[in-house]
Amino acid sequence: MNAQPVPPPHSLLAELTHRCPLQCPYCSNPLELTKKSSELSTDAWKQVLSQAARLGVIHVHFSGGEPTARKDITELMAHARDAGLYTNLITSGVLMNEGRLDALLDAGLDHLQLSIQDLESPNADRIGGYQGGHEKKLALAREVRARGAALTINAVVHRQNVENVAAIIDLAVELDAGRLEVAHVQYYGWALKNRAALIPTREQLDKATAVVKEAIERLKGKLVIDYVVPDYYARFPKPCMGGWGRVGICVTPSGKALPCHAAETITHLTFDNVQEKSLQDIWQTSQAFQAYRGFDWMEEPCKSCERREVDWGGCRCQAFAFAGRAEATDPACSKSELHGRLHELAETESGQEPPPFEYRRIGAA
Amino acid sequence: MNDAPKVDEESVPAFVRGVRLHNDEARDQWVLLAPERMLKLDGIAVEILKRVDGELDLGAIVDDLCTTFKAERGQVLTDCSAFLQQLVDRRMVTI
Ligand code: SF4
Ligand code: SF4
């Protein structure tokens, strides 16, 4: 089946650490968080970055947890840039100060992506589980723009903040961000655990979508807005990862190479570690990457569906979580027999009082 | 309608910080890199963008392209303006 070499990936998601001062209840990290003592060394990460660039990766996304919780972040940034990669830092911003920002920019940081939890402090800090976080974020955003550097604001929205979407867009304009990501929560990891507290009502979703659509057109040339919808209400699934093992590779804090950051939830997959194999080798031959690459693994209705190259059958992790089999059609698809159940769940849960958050903490799952 | 500035001959295009030209050697393809974006460039686009330095105005870029490629000026100007306008709309280039 795979006699042809696999075309190289475009992006590397480098999850440097699971440590994070925030405790967002929708964090996409796994419930089993990696401890500091099991993290890859600086040299191991440098090797991964060099191998990625040689393999054909263009964008590296430094993420976590909070990537700046690693003391070597500046060193890794410089290494990535020297290797020819376009560098993106996905940060909560609360561990940054002007000195660190300057050091990162000097090292070659191309783009900083800053998360916010809501429009204003009290609720934003409550959601992130970190007092004073929101004000620090706003201050950092201004420092980034004062230096003319590329800034994305990333706003994760859900039932407890989605009403503020219009004002969040205004805030991004006021902060002079070049790009805003309005991302509805995706239900993996901690978010799945907190789904009943987070899932929006249909009405909330439709309203937010209309607001964002209008703003995209109005703000052309001023602010680029990317919108990620929650697939529980969708008719077709998202093209998860742009296709399994097709465009991206994710490396966890302990060095496991994954086809998608949630892939570890599929319990029968075996993941190779970058300490034992080169990224090139993993990309071409690793069992986990081969498992759902292309179409050969598909079943009906995906196998003969005209959308199979549009959405690649949706998300394997969601299929596994709901159908118990990763080969199944993503239940977010209207052609899945489980689709009705997904809708029902969304409607029931979003119509109830939200339960208290189970905050993301090492050892709390 | 939107309020993005409009490109004309006097516009001086420059890359926004965080946007850069890159030769993707693994795929033998020039690309324009931007936050979460990557545009594949054809030969003409690369020639235009190699001349974007924040100093030359569009008129001068067009003149240079016409001399180098012996092309008709009106057409080159129309094509360059349309191409750069797209990048301005996407906030990759300022004028
Ligand atoms: S989602 Fe929140 S808790 Fe998770 S890594 Fe990002 S900032 Fe930290
Ligand atoms: S049947 Fe499969 S390929 Fe077709 S739209 Fe649904 S998930 Fe996508």
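Just so you know, these numbers come straight off a predicted model, no measurement behind them. Numbers restart at 1 for each chain; the letters A, B, ... are given by sequence-line order, proteins then strands.
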Practice task
Select, from A:Ile58, A:Thr152, A:Leu55, A:Val57, the one with the greatest count of heavy-atom pairs under 4.5 Å involving chain B.
Solution key: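 Between A:Ile58, A:Thr152, A:Leu55, A:Val57, the count favours A:Ile58.
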Handout entry: Contact leader toward chain B among A:Ala150, A:Ala53, A:Pro7, where contacts are heavy-atom pairs under 4.5 Å
Key =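 Highest number of pairs under 4.5 Å: A:Ala150.
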With distance as the sole criterion, is a donor-acceptor pair present between the side chains of [X] and [Y] under 3.5 Å?
{"X": "A:Ser50", "Y": "A:His79", "value": "yes"}
{"X": "A:His111", "Y": "A:Thr87", "value": "no"}
{"X": "A:Ser286", "Y": "A:Lys277", "value": "no"}
{"X": "A:Ser92", "Y": "A:Glu66", "value": "yes"}

Practice task
Name the orientation class of the two ring planes belonging to A:His184 and A:Tyr227 (parallel below 30°, tilted from 30 to 60°, perpendicular beyond 60°).
Solution key: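 Geometry flag for A:Tyr227 against A:His184: perpendicular rings.
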Exercise for the section: Please state whether the side chain, the backbone, both or neither of A:His10 comes within less than 4.5 Å of a heavy atom of chain B. Expected result: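 It is both, since atoms from each part get that close.
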Practice task
Evaluate the side-chain proximity of A:Ser63 to A:Leu13: yes if any heavy-atom separation is below 4.5 Å, no if none is.
Solution key: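 Result yes, sub-4.5 Å side-chain heavy-atom pair found.
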Handout entry: Euclidean distance, B:Phe15 CZ relative to B:Met92 CE, rounded to 0.5 Å
Key =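 It comes to 10.5 Å.
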Exercise for the section: Output the residues of residues 175-182 of chain A for which the shortest heavy-atom distance to chain B is under 4.5 Å, in residue-number order; output 'none' if no such residue exists. Expected result: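 So far as heavy atoms go, A:Asp176, A:Ala177, A:Gly178, A:Arg179 are the residues that approach chain B to under 4.5 Å.
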Sidechain N-carboxylate O distance under 4.0 Å for [X], [Y]:
{"X": "A:Arg81", "Y": "A:Asp110", "answer": "yes"}
{"X": "A:Arg100", "Y": "A:Glu143", "answer": "no"}
{"X": "B:Glu25", "Y": "A:Arg54", "answer": "no"}
{"X": "B:Glu9", "Y": "B:Arg73", "answer": "yes"}

Exercise for the section: Considering only heavy atoms, give the residues of residues 36-62 of chain B separated from chain A by less than 4.5 Å, sorted numerically, with 'none' for an empty result. Expected result: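 Residues B:Glu36, B:Arg37, B:Met38 are the ones that qualify, each having a heavy atom under 4.5 Å from chain A.
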Handout entry: Interchain contact, B:Val16 with chain A, by part (heavy-atom threshold 4.5 Å)
Key =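 It is neither, since no heavy atom gets under 4.5 Å.
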Practice task
Check each atom of B:Arg27 against the heavy atoms of chain A and say whether the ones under 4.5 Å are side chain, backbone, both or neither.
Solution key: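 Side chain only.
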Practice task
Answer yes or no on whether A:Arg246 is positioned over the face of A:Trp283, meaning its NZ or CZ is under 6.0 Å from the six-membered ring centre and within 45° of the axis.
Solution key: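 No, A:Arg246 and A:Trp283 do not form such a contact.
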Handout entry: Contact winner vs chain A - B:Thr94, B:Leu33, B:Leu87, heavy-atom pairs under 4.5 Å
Key =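 Greatest number of close heavy-atom pairs with chain A: B:Leu33.
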